[in-house]
Every structure is written in structure tokens, then in C-alpha cells.
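Some notes on the structure that comes next.
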Amino acid sequence: MKANDYEVTMDALVSLCKRRGFIFQTSEIYGGINGFWDYGPLGVEMKRNIKSCWWKSMTQLREDIVGLDSSIIMHPRVWEASGHVGNFKDPMLDCRETKGRYRADQIFVLKHKTDDAALMFAYHENAPAPAEKKIKKVAKGDAADYAEVALLDIPLDAYDKLVGPDTNEPGTLTEPRAFNLMFKTYVGPVEESSNVAYLRPETAQGIFAQFGNVLSTVRNKVPFGIAQIGKAFRNEINPRNYTFRSREFEQMELEFFIKPGTDAEQHEYWVAERLKWYEKVGLPEGRMHRDIHEGDALAHYASACTDILYDFPFGTQELEGIAARGNFDLTQHQNTSGKKMEYLDEETKERYIPHVVEPSAGVDRIALALLCEAYREEWINKETGEVTTAEVGAKRAPEGHEARTVLRFAPCIAPYKVAVLPLVKNKEALVGKAREIYEQLSKRWKVFYDQTGAIGRRYRRQDEIGTPLCVTVDFETIEDDNAVTIRDRDTMEQIRLPIAELEAYIANIVDF
RNA sequence: GCGGGCGUAGUUCAAUGGUAGAACCCCAGCCUUCCAAGCUGGUUACGACAGUUCGAAUCUGUUCGCCCGCUCCA
């Protein structure tokens with residue numbers, strides 16, 4: 001069953017996130033800075049819940065995975081070994097005429113074999129046909145007189161004779177510029193090239209670099225995993241779509257080390273495991289997709305890669321990538337550092353560098369997906385109480401109805417688990433009892449106490465921040481039955497429950 | 001980074017180059033026995049920096065940010 005058939009608009013969601021304190025633009029008082037976001041009082045709780053559900057499923061509910069917290073700045077050679085220093089940059093060039101942008105290494109050029117003064121024609125890799133046509137039309141020449149050259153081998157002073165891939169005019173291409181997507185800094189007070197360091201662009205390499213230490217301390221046998229949650233930084237060219245692509249973001253990565261040859265089955269296993277987890281935190285199957293990488297889309301060292309995607313309002317986008325990376329990373333570190341990265345199988349006496357399956361998820365993307373999924377506007381018929389999904393974009397509810405905004409979070413994700421509400425605030429005994437319950441429940445969960453305004457308004461406030469349960473203390477509670485009403489966020493129905501049974505009831509609903 | 005659009009209160013919107021308003025939200029008080037009731041009062045905004053002008057939310061420039069397209073996404 002889909003949890004939500006309401007199609008949220010990003011405008012409505014962004015507005016609610018700011019209004020209720022989920023997500024703020026960073027440094028907003030100074031005008032903000034592109035690609036960086038802050039999580040407010042509710043957002044930080046929600047994000048912590050996502051991380052602890054993941055951490056619990058990885059390191060607590062199974063004994064073959066241990067945790068790690070490696071530093072953000074590591075030895076620069078880590079990034080040489082991983083290939084990030086060499087490859088983590090894309091030389092790009094623009095066309096002034098068409099406003100197109102191209103990756104320089106994907107553009108090739110047809111150049112006259114003998115006449116250096118002749119026009120040259122650029123084209124997209126493996127698609128020379130348009131350039132060959134232009135040789136006939138524009139240069140009145142014969143394609144046979146031209147040879148293929150990589151764009152990066154064309155000298156800059158010849159760019160005025162170069163015709164771009166999507167134009168017929170020469171001289172419209174800018175020179176290629178390298179974009180290194182790693183944030184650079186200096187270790188120590190002096191800025192010199194010998195102490196350049198990078199903010200990690202992924203948490204994974206911290207795991208690989210500590211593989212040996214972890215292996216020698218925890219006595220785990222292959223297959224086993226190392227899990228890590230932490231910040232990573234990428235100097236994205238163009239952050240977009242709210243928090244979806246940020247320059248500072250948080251990852252939850254597992255490196256699951258396996259025996260070579262079991263890659264395919266382990267990969268398949270982890271894709272299924274992770275999809276189960278997404279279902280559990282509230283992303284239903286109907287809006288989740290798998291993108292199975294094949295052929296050219298696969299990195300050269302990987303034997304399989306499956307992206308897990310979610311239907312965002314701005315398109316179907318990646319939440320997590322699950323890659324079978326062979327032993328590429330450990331081998332690279334072994335070669336670069338000179339330290340052995342081998343595992344000895346005690347039973348078979350085999351020595352090998354383990355292969356790895358890497359489920360790598362973006363916390364911020366999951367948070368955004370959960371917000372999109374949870375957001376819902378409803379219309380409630382004032383007479384019958386019947387609830388219908390609101391029309392998207394409607395300014396107000398139709399005659400005889402009132403509007404309700406509700407975040408239908410899975411209870412394990414909700415920032416607050418319970419709200420405790422005295423029915424009225426000007427009766428001391430009611431308030432006293434409510435405070436007592438609040439303090440009792442607060443020892444176990446994040447609980448909201450609210451005595452302001454009409455009870456209905458307080459319910460709606462909790463709906464809008466996704467609190468799954470409201471506990472209301474009324475006159476019967478103190479005069480009669482020592483019980484409270486519990487109101488459900490989604491159905492708005494109430495049951496009566498003795499205070500003695502309250503904790504067990506709540507735990508059953510909200511704990512992961 | 002390029003092109004286009006847009007920046008007024010927490011939100012959604014007003015205001016002819018001349019005192020920045022409203023609704024909702026929020027806060028306080030009164031009232032209130034279960035789904036945004038009512039009454040009274042209150043806080044809060046022209047993204048930033050320059051320029052033109054007697055006077056700028058309004059005109060100009062720059063910049064920052066957001067949205068859309070291109071581009072990119074190991």
C-alpha cells in the first residue's frame with residue numbers, strides 16, 4: 001500500500017520546512033551560501049532518527065558489522081590511491097554560441113591532415129557524422145582528408161579555427177577548465193603545496209584505510225562489514241533541488257568485505273536488504289526504483305552497481321548506490337601504501353584481498369525523500385469528519401471543509417514521538433498530571449508538551465510536525481480512571497488507555 | 001559556469017518615487033471538558049552594498065540567494 005498518494009510541490013514543502021524548523025538556508029542572515037543547509041530543531045531530530053535506524057540495522061541487529069568514525073581530513077595520499085586526486089575533476093568547456101557545455105575528454109575533433117589553417121570540426125565522442133557533414137557543407141572538403149584528434153590535444157591558439165559540436169561558426173568554444181570537485185585546505189598555519197589536504201569527498205576511503213586495524217581488533221571473519229556515518233564534501237558545479245545536491249552532506253556507508261567470487265550474490269543480497277530498510281522507514285515500494293548499471297555506466301573495476309531511486313517531485317533521483325567494487329580500493333591502498341591488505345582464511349589457509357560490496361546512502365537525500373513522502377494536505381468535512389486528499393495547489397479548502405497539513409512520517413523517523421496535552425491549562429490538577437506524564441515519557445523519547453490554545457489546534461500543530469501520537473489528560477484522568485486518551489495522527493481516532501500501560505503501548509508503535 | 005525568471009513579516013500576498021499594510025502563523029492574557037472557536041493586546045519584513053534623487057520597497061549598477069533550462073552528478 002502506498003503511504004501517500006498526495007503529490008507534494010517543492011514550494012509547499014520548502015515553506016513548511018522553514019516554518020516549522022526542519023531546514024534553514026545556512027548563514028541566512030548574510031544572504032546564504034549556495035549548496036549549504038542547516039537543519040533546525042525538528043530537522044536535526046529527524047536526521048538523527050534516520051541515522052540511528054541505519055546504525056541500529058547495521059551494527060546492532062547483526063553481529064557481522066562493526067562501526068567506525070574516521071577523520072574528515074586524511075593523508076592526501078589516500079586520495080591519490082582512491083583516484084580522486086587524478087580523476088575527480090572534469091575539464092569542461094562552453095560554447096558561447098549555443099550556451100552548451102561539454103566535458104573536454106568526451107569531445108573529439110576532425111582536423112585536416114595536411115592543412116593546419118583549415119577549419120576543424122568538433123563532435124561528441126563516437127558520433128562524428130555531424131562533423132563529417134560540416135566538412136562538406138562549411139569547408140567544402142572531403143572527410144577522407146581529415147583525421148580524428150582528441151580535443152585536449154588541440155592547442156588553445158587554434159581554437160579560433162575550431163567549430164563547436166552544435167554550431168557552424170568557428171571560434172565559439174571556450175578553453176577547457178578543470179573543475180576539481182574536492183575542497184582543498186592546508187594542514188598547519190602555512191599555506192604551501194607540501195601541506196595541501198582535502199576534505200573527504202566520501203567516507204568510504206576512511207574505512208578502506210583502516211581495514212587492517214579493524215580486522216586485527218575485532219576477530220570478524222569474512223564476510224564482515226565496517227559501517228560509517230559522516231560528513232563528506234564535494235565542490236559541486238551546480239547545487240540544485242533544495243538539499244538534494246549539496247556541497248556538504250552526510251553519508252551512511254557500509255563496506256561489506258566478501259570472499260572473491262561471491263560478489264554477485266552479495267550484491268543482490270544487499271540491494272534487497274536496503275530496500276527492506278527503506279520500506280521500514282517509510283518509503284514505500286511504489287515510489288522506489290532500481291537503476292541497474294550496465295556496460296559503460298559501470299566503473300571499470302565494478303562488477304555490479306544498482307542505484308536506489310525515489311520519485312521526488314523534481315524527478316526520479318538517486319538515494320543510494322550499491323556497488324560491487326571488487327578489490328579495487330584495497331588493492332589501490334596496498335599498492336600506494338606498501339601495506340598488506342590481505343585476509344587469511346583460517347579454514348582454507350587461503351590468502352586474498354577481500355572483495356567489497358558498498359551500499360552508500362545520502363542521509364540528506366533520504367531526509368528529503370521522507371519529507372516529500374510524508375507531506376500531505378487533507379480536507380476534512382466539518383459535518384461528517386470524512387477526510388479527502390486535498391487538491392494540489394488549492395489555496396483553501398472547499399465550503400464546509402477545513403484543511404489539515406500532516407507529515408505522515410513512519411513513527412521511528414518522527415522528530416517527536418508523543419505530545420502530552422492537558423485538556424485545559426487553567427486547572428492545576430490537569431496540568432500537574434500532564435507534566436508528570438511528560439517527565440516520565442521524556443526519559444525514553446523526545447516528547448512535546450503543549451498547553452496553549454484549544455485542543456484541536458494543538459492536535460493540528462502536532463500533525464504538521466508529524467508527531468504520531470498525542471496523549472491527552474482530561475478530567476476523568478484525575479477524578480476517575482487514571483487513564484488518558486491517545487489520538488492517532490493518521491486516523492485522528494482516539495482510544496483510552498490506563499497510564500500504567502502507556503509506555504508499552506508507545507514503545508510498540510514508535511521504536512525501530 | 002551560461003541563459004531566463006524571481007527576492008516585502010515565520011508563511012501567503014498588497015502598496016502611483018512621498019507615513020510599508022492585510023490574512024494566517026507566533027507570543028501573552030481572558031475564556032475553554034477533545035480536532036485550527038471567540039475576545040483583548042503584542043512581536044516580526046522591503047536579501048546585501050553602492051548610485052541617481054529633496055526623498056528609493058519602487059529607478060540604475062553590482063553582488064548574494066532561490067526557481068527553471070543547459071551542464072554536471074566518481
Side-chain angles (χ1 to χ4, degrees), chain A residues 9-12 14-21 24-36 40 79 82-84 86-90 92-103 106 166 174 177 179 181-182 201-202 204-205 234-242 244-245 293 297-302 305 307 314 317-318 321 323 325 328 360 362 380 382 385 387 395-397 402-405 421-427 430 451-464 470-479 484-489 492-494 496:
Chain A
T9 62
M10 287 309 288
D11 284 351
V14 168
S15 166
L16 177 115
C17 284
K18 174 156 194 199
R19 184 155 37 88
R20 290 304 187 186
F24 304 127
Q25 199 175 30
T26 200
S27 327
E28 197 192 65
I29 57 170
Y30 293 104
I33 172 164
N34 196 356
F36 298 91
W79 307 113
S82 69
H84 286 87
N87 304 328
F88 202 59
K89 58 187 182 194
D90 304 307
M92 308 279 296
L93 68 162
D94 295 318
C95 178
R96 298 185 191 94
E97 170 85 15
T98 65
K99 307 303 176 193
R101 160 166 290 192
Y102 315 99
R103 247 174 75 175
Q106 293 177 347
D166 301 302
T174 64
R177 283 180 297 174
F179 292 82
L181 300 188
M182 279 200 293
E202 61 176 34
Q205 296 305 324
R234 296 180 192 180
N235 212 345
E236 298 285 355
I237 297 165
N238 188 3
R240 196 57 75 81
N241 288 330
Y242 201 31
F244 182 82
R245 179 169 299 129
H293 293 202
L298 215 48
H300 64 88
Y301 48 79
C305 183
D307 284 346
F314 47 81
Q317 299 278 355
E318 179 186 345
R325 297 172 63 87
F328 175 78
S360 168
I380 302 167
K382 283 182 188 168
V387 179
K395 285 274 178 208
R396 59 185 58 203
E402 57 191 22
R404 175 173 97 124
T405 302
L421 320 167
L423 191 56
V424 296
K425 73 171 171 187
N426 59 359
K427 297 287 183 294
L430 272 189
Q451 60 179 32
T452 319
I455 189 74
R457 173 187 293 275
R458 284 179 272 161
Y459 286 148
R460 294 300 161 80
R461 263 186 211 141
Q462 296 305 317
D463 291 342
E464 212 178 35
C470 290
V471 169
T472 303
V473 176
D474 59 22
F475 288 90
E476 286 97 89
T477 309
I478 51 173
E479 290 164 3
V484 289
T485 56
I486 299 185
R487 179 258 193 191
D488 180 88
R489 177 196 65 201
M492 293 184 277
E493 280 165 10
Q494 302 185 335
R496 191 131 189 112

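Fair warning: this is a prediction, and the values are worked out from it, not measured in the lab. Lettering of chains follows the sequences in order, A, B, ..., and the numbering in each one begins at 1.
A:M182 approaches A:P201 most closely through the heavy-atom pair SD-CG, 3.6 Å. Heavy atoms only, all atoms of each residue included: A:T472 and A:V484 are closest at O-CB, 3.5 Å. Annotation for A:K18 and A:F24: closest pair O-CE2, 3.7 Å, computed over non-hydrogen atoms. Residues A:D307 and A:G321 approach most closely at OD1-CA, 3.5 Å, considering heavy atoms. Across every non-hydrogen atom of A:L430 and A:P422, the tightest pair is O-CB, 4.1 Å.
Side chain of A:R458 to backbone of A:G453: a donor-acceptor contact under 3.5 angstrom is found.
Using N1 to N3 plus N6-O4 or O6-N4 for Watson-Crick, or N1-O2 and O6-N3 for G-U wobble, each under 3.5 Å, B:G10 pairs with B:C24. In this structure, B:G29 and B:C39 make a Watson-Crick or G-U wobble pair, each of the two defining distances being under 3.5 angstrom. Across all strands shown, B:U60 forms a Watson-Crick or G-U wobble pair with B:A50, both key distances being under 3.5 Å. B:C2 is paired with B:G69 under the criterion used here, namely a Watson-Crick or G-U wobble arrangement in which both key atom distances are under 3.5 Å. Across the strands present, B:U19 finds no partner; the criterion is a Watson-Crick or G-U wobble pair with both atom distances under 3.5 angstrom. Base pairing analysis places B:U44 opposite nothing; no Watson-Crick or G-U wobble pair with both distances below 3.5 Å involves it.
Note on ring orientation: taking the six-membered ring where Trp is involved, the planes of A:H84 and A:W79 are perpendicular (angle over 60°, cut-offs 30° and 60°).
For the pair A:K427 NZ and B:U33 C1', the computed distance is 9 Å after rounding to whole Å. One interatomic measurement links the two molecules: CG of A:D463 to P of B:C25, which rounds to 15 Å at whole-angstrom precision. With rounding to whole Å, A:K18 atom NZ is found 14 Å from B:C25 atom C1'. Rounded to whole angstrom, the span from the CZ atom of A:R487 across to the P atom of B:C34 amounts to 15 Å. For the pair A:N241 CG and B:C66 C1', the interatomic distance rounds to 12 Å; values are reported in whole Å. As a whole-Å value, the separation of A:Q25 CD from B:G7 P is 16 Å. Taking atom CZ on A:F24 and atom C1' on B:G65, their separation rounds to 17 Å, with Å as the unit. Nucleotide B:C25 holds its C1' atom 7 Å from the CZ atom of A:R20, rounded to whole Å.
As judged by a 4.0 angstrom heavy-atom cut-off over every strand, A:I380 is placed among residues making no nucleic acid contact. Within the nucleic acid shown, A:D474 comes within 4.0 Å of at least one base atom, counting heavy atoms only. Residue-level contact check: A:D11 touches neither bases nor backbone, having no heavy atom under 4.0 Å from any strand. Heavy atoms of A:R461 sit under 4.0 angstrom from primed sugar atoms or phosphate atoms, though from no base atom. Nucleic acid contact class of A:K425 (heavy atoms, under 4.0 Å, all strands): base. Backbone-only engagement by A:Y301 is indicated by non-hydrogen atom pairs under 4.0 Å involving sugar-phosphate atoms exclusively. Nucleic acid contact class of A:T472 (heavy atoms, under 4.0 Å, all strands): base.
When distances run from any side-chain atom of A:R245 to the nucleotides B:U11, B:U33, B:C72, the shortest one goes to B:C72. Nearest to the side-chain atoms of A:F475 among the listed nucleotides B:C34, B:C31, B:U33 stands B:U33. Listed nucleotides: B:G65, B:C34, B:C26. Nearest to the side chain of A:R457: B:C26. With B:C34, B:C31, B:A28 as the choices, the nucleotide that has an atom nearest any side-chain atom of A:T452 turns out to be B:A28.
B:G10 and B:U43 have their C1' atoms separated by 12 Å, given to the nearest Å. Taking atom P on both B:U16 and B:U58, the two are 14 Å apart, rounded to the nearest angstrom. B:C54 and B:U12 have their P atoms separated by 38 Å, with the value rounded to a whole Å. Nucleotides B:G65 and B:C27 have their C1' atoms positioned 30 Å apart, rounded to a whole Å. Comparing the C1' positions of B:A20 and B:G61 gives a spacing of 25 Å, expressed to the nearest Å. Rounded to a whole angstrom, the distance from the C1' atom of B:C25 to that of B:G42 is 14 Å. To the nearest whole angstrom, the two C1' atoms, one in B:U32 and one in B:A15, are 39 Å apart. Annotation: B:U62 and B:C2 have their P atoms spaced 13 Å apart (nearest Å).
By the stacking rule of 5.5 Å between ring centres and under 30° between planes, A:Y459 does not stack on the base of B:C34.
Not one side-chain nitrogen or oxygen of A:N34 sits closer than 4.0 Å to the OP1 or OP2 atom of B:C64. At the phosphate of B:C30, neither OP1 nor OP2 sits under 4.0 Å from any side-chain N or O atom of A:N426.
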Test side-chain contact (heavy atoms from CB on, under 4.5 Å) on A:I478 and A:K427 and set out the steps.
CA-CA 11 Å; A:I478 51 173; A:K427 297 287 183 294; over 6 Å; no
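The residue among A:F244 and A:P239 whose nearest nucleotide of RNA chain B is located toward the 5' end is A:P239. Between A:V473 and A:S15, the residue anchored closer to the 5' end of RNA chain B is A:S15, taking for each the nucleotide with the nearest heavy atom.
Below the 3.5 angstrom threshold, one finds no donor paired with an acceptor across the side chain of A:Y242 and the base of B:C66. If you check distances only, the side chain of A:R458 never reaches the base of B:C35 with a donor-acceptor pair under 3.5 Å.
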